[in-house]
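Note: hydrogens, waters and symmetry copies are ignored here, and every other heavy atom, side chains too, is used.
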Amino acid sequence: MFDTYMVGYEFLLKTLIMYDKLRQRLQVLKAEYESGQKVMAELEVKQASVRDTLLRISGAIQVLEEELADVETETSSPTTPAKEDPIELVAEPDMS
């Protein structure tokens, strides 16, 4: 009869040890999951920032390409008068 109690006790002890290990593992996994969620949120913010920066750079590239195309068109076609530079339109002061 003592053997029966001993077997039951050992089973209960092993079950409690396994239960404790499972709870500890669950806590570790929850902490890792929460940490991963924070990293994901930070990366999403950074991704949005990079996307905005690339959009601004793309716009600037487009403007510069259009300006360069205009300059190339003006310099390659002698029949088209060049645009007047607004700075040149300002009269110089009379120094006499």
Side-chain angles (χ1 to χ4, degrees):
M1 183 162 197
F2 180 72
D3 289 337
T4 306
Y5 288 117
M6 196 61 173
V7 170
Y9 176 76
E10 287 176 5
F11 175 76
L12 180 59
L13 186 60
K14 287 179 182 179
T15 303
L16 289 175
I17 291 171
M18 183 182 296
Y19 178 80
D20 187 50
K21 287 181 180 181
L22 292 173
R23 298 241 343 142
Q24 288 175 0
R25 182 65 179 145
L26 179 61
Q27 288 175 343
V28 168
L29 288 174
K30 283 183 175 183
E32 288 176 4
Y33 185 81
E34 185 177 321
S35 175
Q37 284 182 316
K38 288 178 183 177
V39 169
M40 183 72 78
E42 291 169 1
L43 289 173
E44 287 172 354
V45 168
K46 190 169 186 172
Q47 181 183 26
S49 175
V50 170
R51 186 181 305 116
D52 291 344
T53 300
L54 289 174
L55 186 59
R56 284 193 300 274
I57 291 170
S58 173
I61 288 170
Q62 183 177 354
V63 168
L64 291 175
E65 286 176 340
E66 290 171 2
E67 288 296 318
L68 284 172
D70 287 348
V71 169
E72 289 173 0
T73 302
E74 289 173 5
T75 57
S76 66
S77 113
T79 58
T80 306
K83 289 183 181 177
E84 294 184 13
D85 188 354
I87 296 174
E88 294 177 16
L89 296 178
V90 175
E92 293 189 21
D94 188 16
M95 302 302 262
S96 43

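In summary, of the residues considered (M40, K46, E42), a side-chain contact (heavy atoms from CB on, under 4.5 Å) with E44 occurs for M40 alone.
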N/O donor-acceptor pairs under 3.5 Å from side chains in residues 19-26, not counting sequence neighbours:
from: D20; atom 1: OD2; to: Q24; atom 2: NE2; distance (Å): 3.2

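The salt bridge (charged side-chain N to carboxylate O under 4.0 Å, His left out) check on E34 picks up K38, with sequence neighbours excluded.
Formation of a donor-acceptor pair under 3.5 Å by the T53 side chain with backbone atoms of S49 is found in this model. The backbone N or O of L54 lies less than 3.5 Å from no partner atom in the side chain of S58, so there is not a single donor-acceptor pair.
Rounded to the nearest 0.5 angstrom, K30 NZ and Q27 CD are separated by 8.0 Å. Atom CD1 of I57 sits about 11.0 Å away from atom CG of D52, to the nearest 0.5 Å.
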